[in-house]
> 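Let me begin by handing over the structure; questions about it come next.
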Amino acid sequence: MATIELQQVEKKFGEVYAVKPMDLTDNDGEFVALLGPSGCGKTTTLRMMSGLETVTAGKIMLDGKNITWLKPADRNVAFVFQFYALYPHISVHDNIAFPLRAEGMARAEMDKRVAEVVDMLQISHLLKLRPGKLSGGDKQRVALARALVRRPAAFLMDEPLGALDAEFRETMRAEIKRLHISQHATTVYVTHDQVEAMAMADRIVVMSAAEAQQIGTPAEVYYDPANLFVARFIGSPGMNLVAGRLAGDAVQMPGPNNSVPVPPAQLESVRRAVGADGAVVVGFRPEAASLSAEGKLHGEVYATDMHGSYKLLHTTMNESDIIHIRADRLADYSIGAPVRFDIEPAMVRFFHPTTQQAIGQEAGR
Ligand code: ATP
């Protein structure tokens with residue numbers, strides 16, 4: 001497989017950026033997900049890698065070779081689309097063999113390659129059928145087989161599971177991941193589904209407004225978001241974010257006596273980052289808060305959601321801030337009841353309210 005590198009790659013339509021200058025390296029065998037809301041530039045980034053879209057500036061390298069201006073067919077990368085169009089009037093075998101036939105490959109070699117790939121995806125029993133007879137999941141498997149059979153240097157996938165229902169998505173997600181691991185396949189995968197990105201990717205590029213907001217492992221983007229956008233976007237619900245004020249070595253949050261200590265390792269960078277007024281945003285995940293009768297922080301139950309293995313408490317600390325706390329699935333909370341909780345100090349993050357950037361991330365988790 002191969003390494004794909006974007007060097008200051010950008011795309012403008014007229015005067016509008018679809019993708020602002022981006023650096024990204026997808027290392028040999030790595031699975032990188034491009035994740036972000038609709039219109040943030042994910043597909044355009046992928047299409048530039050594939051050659052279906054030209055770049056406005058920057059370079060695209062494949063294993064150190066400049067491929068920026070090569071035609072899609074000359075790039076040795078395979079593109080897997082959502083709604084991948086299989087040819088309806090020919091068999092699964094012929095659909096899979098199609099790209100090899102187009103290259104003029106000899107029949108014996110072609111059959112060998114097809115046999116290999118259908119064996120790997122466990123779809124040998126489908127070879128004689130027409131696509132119309134296949135389930136959604138099997139159609140995707142055939143589409144994958146057709147991409148794989150060319151033995152490309154890398155896979156570019158644009159929401160390949162988007163058209164599938166929830167059950168098939170799960171199965172295919174696991175299958176693509178297994179395939180990625182067994183083939184050591186360099187993959188770039190576009191999705192707007194964070195669960196999919198978190199589950200599958202080695203690294204995630206979180207995009208918003210034509211820009212990479214953060215490039216990191218699933219754990220990094222979850223525990224150490226680079227800015228408020230990533231903190232809100234990753235996680236369901238996103239990170240709790242509460243406006244506070246630094247006073248001494250703690251941050252005062254709304255409500256009487258609601259303060260969190262700043263871990264000593266982060267204190268210096270928080271002090272340096274906040275202005276004279278000490279304004280800072282405190283962030284913590286729902287599971288970083290624990291309810292207890294002796295908890296130092298005070299709130300009131302606003303609503304509760306049952307999530308099966310746990311309950312999510314929507315809690316008010318004052319009129320405007322609702323925070324989410326993960327609670328025991330069996331516990332009973334009535335609306336309006338007072339609750340007390342603590343936040344695990346190592347799980348607290350601080351953000352600058354104006355620049356929206358994380359402060360003191362270097363202190364680790
Ligand atoms: P989605 O998940 O909805 O596909 P995306 O993150 O993949 O979104 P892109 O399709 O890459 O986003 O689009 C990024 C921006 O570029 C959007 O504002 C889109 O309207 C714009 N854009 C994309 N293609 C073109 C085009 N051919 N001409 C003009 N603008 C375009």
Side-chain angles (χ1 to χ4, degrees), residues 4-26 30-60 67-72 75 77-85 136 140 143-144 147 154-166 168-169 172-173 176 186-216 218 221 225-236 238 356:
I4 306 174
E5 203 180 336
L6 300 186
Q7 299 176 354
Q8 290 293 295
V9 166
E10 65 172 65
K11 181 68 187 181
K12 274 181 169 177
F13 290 107
E15 280 310 296
V16 182
Y17 274 112
V19 179
K20 291 187 183 164
M22 191 194 289
D23 288 319
L24 172 67
T25 304
D26 188 350
E30 196 178 20
F31 193 121
V32 168
L34 303 180
L35 171 70
S38 184
C40 70
K42 310 179 291 291
T43 295
T44 305
T45 306
L46 199 73
R47 285 171 61 84
M48 289 192 288
M49 290 180 180
S50 71
L52 293 171
E53 191 70 76
T54 56
V55 307
T56 309
K59 269 199 238 171
I60 303 171
I67 59 160
T68 317
W69 298 103
L70 287 188
K71 289 201 292 277
R75 291 189 180 206
V77 295
F79 206 101
V80 183
F81 291 99
Q82 182 181 358
F83 302 121
Y84 201 93
Q140 288 289 330
L144 265 178
F155 287 102
L156 307 177
M157 303 195 182
D158 192 359
E159 305 239 13
L161 310 184
L164 301 182
D165 61 31
F168 277 135
R169 278 178 86 104
M172 287 306 292
R173 196 195 287 165
I176 292 177
T186 308
T187 305
V188 185
Y189 189 101
V190 163
T191 180
H192 65 273
D193 180 346
Q194 53 158 315
V195 176
E196 208 163 278
M198 295 288 274
M200 296 173 90
D202 298 311
R203 280 189 306 148
I204 300 176
V205 182
V206 184
M207 292 184 73
S208 161
E211 227 174 336
Q213 303 289 327
Q214 183 170 8
I215 302 177
V221 299
N227 56 37
L228 290 179
F229 173 82
V230 180
R232 284 193 193 100
F233 188 74
I234 302 287
S236 180
Q356 313 220 333

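Counting starts at 1 for both ligands and their atoms, in listed order.
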> Hey, which residues fall under 4.0 Å of ligand 1 on heavy atoms?
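F13, A18, P37, S38, G39, C40, G41, K42, T43, T44.
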> Looking only at heavy atoms, which two atoms of I215 and R203 are closest? And how far apart?
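Nearest heavy atoms, I215 then R203: CG2-NH1, 3.6 Å.
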> What residue among L34, V9, V188, L24 forms side chain to side chain contact (heavy atoms under 4.5 Å, CB included) with T45?
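Looking at L34, V9, V188, L24, the match for T45 under the side chain to side chain contact (heavy atoms under 4.5 Å, CB included) is L34.
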> Any donor-acceptor pair under 3.5 Å linking the side-chain atoms of D23 with those of Q8?
yes
> Under the ring-ring contact (aromatic ring centres under 6.0 Å, His included) test, which residues partner F229, sequence neighbours left out?
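Only F233 meet the ring-ring contact (aromatic ring centres under 6.0 Å, His included) criterion with F229.
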> Return the set of residues passing side chain to side chain donor-acceptor pair (under 3.5 Å) with Q356 (not counting sequence neighbours), or none when no residue passes.
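In terms of side chain to side chain donor-acceptor pair (under 3.5 Å), with neighbours along the sequence ignored, Q356 is linked to no residue.
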> Kindly write out the residues that satisfy side chain to side chain donor-acceptor pair (under 3.5 Å) with S50, not counting sequence neighbours, or none if the list is empty.
none
